[in-house]
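Single-structure report; data block below.
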Amino acid sequence: MVRKTIDSSILKTRLTDLLGLKYPIVQAPMAGISTPLLAAAVSNAGGLGSVALGALNPAAARRTLEETLALTSGPIAANLFVHESPCIDTELAQIFLAELGPEFESLGAQPPASVREIYRSFNDDDEMLEMLLELRPAAVSLHFGAATELRMAALKKAGILVLATATSVAEALVLEAVGVDLLVMQSYDAGGHSGAFLGPPDAATAGRVGLQNLVGDAVAAVSVPVVAAGGLMTGRDVADVISAGAAGAQLGTAFIGCPETLASDRYRAMLSSGAPTRLTSNISGRPARSLVNELLNWADSLAAATPDYPLCYDAVKQLVTAKKNPDFSVMWAGEGAMHSRFLPASELLERLASELESSTD
C-alpha cells in the first residue's frame, strides 16, 4: 500500500534541518530497555534514534554506540547522565537498608551492607568524553542538568550537537546559557526520570504545567529550538506540540512496545492493560514515573527516607534481582501508556507520521 506524501510544511522544522531528519520525532533513550536495534530502526526510518549510555561504563558504552552506528547511516543521539555526585549519608543509608533487610532475608538473600554510586556522571568521566569525541555521534543528549564548560566546548568543537532536558523555563535558560543546541522540555506526564535539576528533588512535582503551556513559555524565553516531551503517544499529539511552537517531539513510552526493546512480556502486558502511572522518588532516589505495579506500591510504602540517586537505586535493583518476580520490576512509563501500540519501530514511526499528516487536513 502506498502512503500519501507527508505534508512537508509540518515536517520541516528547525529540528529536522539541524539533524537532517525526515520526521520531527525523537525516540527517547530509555536506559534499561532501549537497544541499538531500536535506535537504528528509528534513525533508518527518518527520526532521531537515541541510545542510552548513562547507565554504562565507558567500555560498554563504546560497544553499544559502535553497534548502533554500524546499523545505520542516519543520525544517532548518545544519552548521558549529568547528575551531581551523590552525598553519602551513612546513617540515612543504614536506616534505609535496615528496612530493606527483611525483604532480602525472606528470599534467603544477603542484604547489601552499603549503597554504591552505580552510575557515574558524565561530568566526572573523562574516558566517556574521549570515547564520544572519537566515535562522534551526530548528537549527545544530557539528562539531569548541564555538562561542564570543558565538555560542552569539546563536543561542539567535534561538531556534535548537544540536547539537554529542562522541566521549567528557569532550567531552559540555564541550559541555553551554557550553549545547548536543542532543549527537550519535559512535562510532569513524562515516563521515567524527571530531568529536573534546579531546586530540591521534589521540584519535579511542583507546578505541573501542561506540556503545551510549558513549550509555549519556553519558546518565548529562549532562542534555541525546543523539543516537547511528556505523555506523547500519537501523531496528533506531535502536531499539538508543534502548533504550540515546538520544533519536534520526543516519545519514549510510545516505543516501549516495539519488538526492538528489552521490555519484558509482563511490562508489555501492563502497558496494554491500561494500568495507571504514578510518580515516585522511592525507587531510585529521584522523581520518576512508573506503571503502578508491585514494585511501585512496595516502594511507596517505605517509611525510611531514601538515599540520594543513584545510591537508592542500587539497593532497590539488587532487591528486584533477588525477587525474580515479573511484577516486582522497574516499569517506567508516562501518562497515556494505555495507548501503546506494539509495532516494529519503523512501522510505528510511519504510523506517527501518517497521523501527523492527517492532523493538518
Side-chain angles (χ1 to χ4, degrees), residues 27-39 41 51-52 54-56 60 64 96-97 99-112 115-116 118-119 189-194 231 233 251-302 306 309-345 348:
Q27 163 248 318
M30 301 183 293
I33 60 167
S34 65
T35 64
L37 286 174
L38 176 67
V51 60
L56 305 177
T64 299
F96 177 73
L97 292 173
E99 186 168 4
L100 270 58
E103 294 285 344
F104 282 94
E105 290 162 3
S106 70
L107 301 166
Q110 182 69 31
V115 292
R116 302 170 300 168
I118 52 174
Y119 305 150
D189 292 333
H193 284 94
S194 166
M233 298 294 291
L251 287 70
T253 304
F255 284 97
I256 295 175
C258 295
E260 294 92 342
T261 75
L262 298 176
S264 67
D265 290 342
R266 182 55 182 159
Y267 200 162
R268 296 171 192 275
M270 289 284 285
L271 288 172
S272 63
S273 72
T277 67
R278 192 166 71 233
L279 201 69
T280 185
S281 295
N282 286 4
I283 291 177
S284 72
R286 289 187 72 105
R289 184 172 293 279
S290 167
L291 291 168
V292 177
N293 65 358
E294 286 187 30
L295 172 62
L296 178 59
N297 287 329
W298 167 83
D300 282 348
S301 73
L302 292 172
T306 59
Y309 174 92
L311 308 174
C312 172
Y313 211 8
D314 170 39
V316 171
K317 279 177 168 284
Q318 290 185 57
L319 181 58
V320 167
T321 300
K323 285 267 190 183
K324 299 178 182 177
N325 176 357
D327 287 310
F328 197 91
S329 61
V330 177
M331 295 183 185
W332 303 133
E335 292 288 82
M338 71 288 296
H339 301 301
S340 294
R341 291 175 281 194
F342 302 88
L343 302 170
L348 176 59

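Everything numeric here is computed off the predicted structure, so don't read it as measured data.
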[X] vs [Y] side-chain heavy atoms within contact, under 4.5 Å:
X      : Y      : answer
Trp332 : Ile256 : no
Leu100 : Leu302 : yes
Val316 : Val330 : no
Lys323 : Leu295 : no
Ser281 : Pro287 : yes
Asn297 : Arg278 : yes
Phe96  : Leu311 : no
Phe104 : Gln318 : yes

Rounded to the nearest 0.5 Å, how far does [atom2] of [Y] lie from [atom1] of [X]?
X      : Y      : atom1 : atom2 : value
Cys312 : Asn282 : SG    : CG    : 6.5 Å
Met331 : Ser264 : CE    : OG    : 5.0 Å
Leu107 : Leu319 : CG    : CG    : 6.5 Å
Met30  : Thr35  : CE    : OG1   : 8.5 Å
Ser290 : Ile283 : OG    : CD1   : 4.5 Å

Contact summary for [X] and [Y], nearest pair of heavy atoms:
X      : Y      : result
Ala52  : Ala31  : CB-CA, 3.5 Å
Gly252 : Ala28  : CA-CB, 3.6 Å
Leu291 : Ala275 : CD2-O, 3.8 Å
Val292 : Met270 : O-CE, 3.2 Å
Glu105 : Pro111 : OE2-CG, 4.4 Å
Arg341 : Met233 : NH2-O, 3.1 Å

**Asked** Regarding Arg268 and Thr261, is there a side-chain donor-to-acceptor distance under 3.5 Å anywhere?
**Response**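 Indeed, the side chains of Arg268 and Thr261 share at least one donor-acceptor pair under 3.5 Å.
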Main-chain N/O of [Y] paired to [X] side chain as donor or acceptor, under 3.5 Å:
X      : Y      : result
Asn293 : Ser329 : yes
Thr253 : Gly334 : yes
Asp314 : Arg116 : yes
Ser34  : Pro29  : yes

**Request:** Not counting sequence neighbours, list each pair that qualifies as a salt bridge (charged side-chain N to carboxylate O under 4.0 Å, His left out) and has a residue in residues 257-267.
**Result:** Arg266-Asp327
**Prompt:** Parallel under 30°, tilted from 30 to 60°, perpendicular over 60°: which one fits the rings of Tyr309 and His193?
**Reply:** perpendicular
**Request:** Just grab all the ring pair (Phe, Tyr, Trp, His ring centres under 6.0 Å) pairs involving residues 254-274, residues at least two apart or on different chains.
**Result:** none
